[in-house]
Asks: 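Just dropping this structure here.
All of these numbers come straight from a predicted model, not from anything done at the bench. Below, chain A is the first sequence line, B the second, and so on; all start at residue 1.
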Protein chains: 2
Amino acid sequence: MARSSTRKAPSIDIDGLLGKFESFLQRKSLKLTTQRRKILEKILEMDKTHFTADDLVDQFRNERPRVSKATVYRALSVLVEAEILEEHQFGDSYKVYELSEGRPHHDHLICTNCGKILEFFNEEMEKLQDKVAKGNGFHPTHHSQKIYGICAACWGKGVRA
Amino acid sequence: MARSSTRKAPSIDIDGLLGKFESFLQRKSLKLTTQRRKILEKILEMDKTHFTADDLVDQFRNERPRVSKATVYRALSVLVEAEILEEHQFGDSYKVYELSEGRPHHDHLICTNCGKILEFFNEEMEKLQDKVAKGNGFHPTHHSQKIYGICAACWGKGVRA
DNA sequence: GTTCGTGCAAAAACTTTGCATTATC
DNA sequence: GATAATGCAAAGTTTTTGCACGAAC
């Protein structure tokens, strides 16, 4: 992939997100820098449902002005605080991010063979989790549910657990 | 705690576990070393439902013969392979272990204030997870479900999310 | 005696931080 | 012009690894 191909139109409304980011930054007396804006743009351009800090750092490797690794990490945590990104840890040593904008809560199915991540939402499960938490005296705030297995494609290729 | 107090009788059958460990090691042509035995003993002595590699390393700080950090890490991964321990990642940067012996599958409630971990099991939830996985073409192997919130004790002290 | 395990310190992998410089408000 | 952000490299964390020596089978 030498040539960066036709720029794909981001499937998510950049202006809306930028607006949300700006108002968050303002509220916190933080600044909307060129880097922060570029980082948000890149996240949309990548158009990946899940990405790591390193994926994002890579995006700036041949780009000027450079955006340093430190800035990427710092921006990611601001974006999480702003509730623009969600942070996950799928059992590997690195964190995985996804846009939360316009994406209602969901959980994940992870293929242990190819690493593919599928999202799902199940109302009944949500209710059940609430019930379980309350039954144990907990006041639940959020949850993380991951189901690991072999995806259809891998299974089709004969991969077994 | 200068004096190591009355040695508490481990609540789990050490001989049974050691036997299981031995037969695993034999099957894999691995050796039952003094260190591996001591590590398993310490895990039982600690009698914590959940512990980290570092907790275990600490146990050997004033102990001779020393058991090195490297050995602890290596032993932990053998114990996980032997299905004597289960490994979890509760959203922090370190891994958490628990004895799997005699403890049927369960999931976790985690207090985001005090760090307390409660275990739960819900048959209905298990079935639902299976159904969701299969509905998405997945062949599930295992899952990890964590519900975060404020535990009863913290809530009672007025802690809110 | 062979093979595997250990201890040590160094490296690895991911993330965070200190500080002088630069950009934003 | 005050305050916050950046880049860089250095340091932090947790975990892994290379290697010479020692223990288990």
Asks: Just the rounded figure in Å: distance from P of dT14(D) to CG of D58(B).
Replies: 12 Å

Asks: Respond yes when some side-chain nitrogen or oxygen of Q35(B) is under 4.0 Å from OP1 or OP2 of dG7(C), and no when none is.
Replies: yes

Asks: For a side-chain hydrogen bond (donor to acceptor under 3.5 Å, both in side chains) with D107(A), tell me which candidate from Q129(A), K146(A), H143(A) qualifies.
Replies: H143(A)

Asks: If you assign T33(B) and A70(A) each to the DNA chain D nucleotide with the nearest heavy atom, which residue ends up on the more 5' nucleotide?
Replies: A70(A)

Asks: Write down the distance between CG (L32(B)) and P (dA23(D)), rounded to a whole number of angstrom.
Replies: 15 Å

Asks: Which part of the nucleic acid does K69(B) contact within heavy-atom distance under 4.0 Å: base, sugar-phosphate only, or nothing?
Replies: base

Asks: The side chain of A53(A) lies closest to which of these nucleotides: dT15(C), dT6(D), dT24(C)?
Replies: dT15(C)

Asks: What nucleic acid atoms does S29(A) come within less than 4.0 Å of, heavy atoms only: base, sugar-phosphate, or nothing?
Replies: sugar-phosphate

Asks: Select one nucleotide: of dT16(D), dG7(D), dC8(C), the one nearest the side-chain heavy atoms of V67(A).
Replies: dG7(D)

Asks: Has the side chain of R66(B) got a donor or acceptor atom that lies under 3.5 Å from a matching backbone atom of R61(B)?
Replies: no

Asks: In whole Å, what is the span from the NZ atom of K38(B) to the P atom of dA23(D)?
Replies: 15 Å

Asks: Determine whether V132(A) and N136(A) make a side-chain contact, defined as any pair of heavy atoms from C-beta on separated by less than 4.5 Å.
Replies: yes

Asks: Would you call the rings of H88(A) and F90(A) parallel, tilted or perpendicular, where under 30° means parallel and over 60° means perpendicular?
Replies: parallel

Asks: Check this one for me: any side-chain N or O of S93(A) less than 4.0 Å away from OP1 or OP2 of dT14(D)?
Replies: no

Asks: Among dG7(C), dT6(D), dT15(C), which nucleotide has an atom closest to any side-chain atom of Y94(A)?
Replies: dT15(C)

Asks: The side chain of L30(B) is closest to which nucleotide in this list: dC4(C), dT15(C), dG7(D)?
Replies: dC4(C)

Asks: Give the C-alpha distance, both sets of side-chain angles, the deciding distance and a yes or no for side chain to side chain donor-acceptor pair (under 3.5 Å) between D55(B) and H50(B).
Replies: CA-CA 10 Å; D55(B) 287 340; H50(B) 301 85; over 6 Å; no

Asks: For dC8(C), does OP1 or OP2 lie under 4.0 Å from any side-chain N or O of S68(B)?
Replies: no

Asks: Would you kindly give the CG-to-P distance between L76(B) and dT14(D), to the nearest whole Å?
Replies: 15 Å

Asks: Assign R74(B) to base, sugar-phosphate, or nothing according to its heavy-atom contacts below 4.0 angstrom with the strands shown.
Replies: base

Asks: Between R27(A) (CZ) and dA4(D) (P), how many Å, whole number?
Replies: 17 Å

Asks: So T52(A), base contact, sugar-phosphate only, or nothing? Heavy-atom distance under 4.0 Å.
Replies: nothing

Asks: Please state how far atom CD in E22(A) lies from atom P in dA5(D), giving the value in whole angstrom units.
Replies: 14 Å

Asks: Rounded to the nearest angstrom, tell me the gap between atom CD in Q26(A) and atom C1' in dC25(C).
Replies: 10 Å

Asks: Is there a side-chain contact between I150(B) and F138(A) in this structure, where contact means two heavy atoms from C-beta onward sitting under 4.5 Å apart?
Replies: no

Asks: In terms of side-chain heavy atoms of K31(A), which of dG7(C), dT3(D), dA24(D) is nearest?
Replies: dT3(D)

Asks: Calculate the interatomic distance between R66(A) atom CZ and dT22(C) atom C1'; express it in whole Å.
Replies: 16 Å

Asks: What's R36(B) touching, base or sugar-phosphate or nothing? Going by heavy atoms closer than 4.0 Å.
Replies: sugar-phosphate

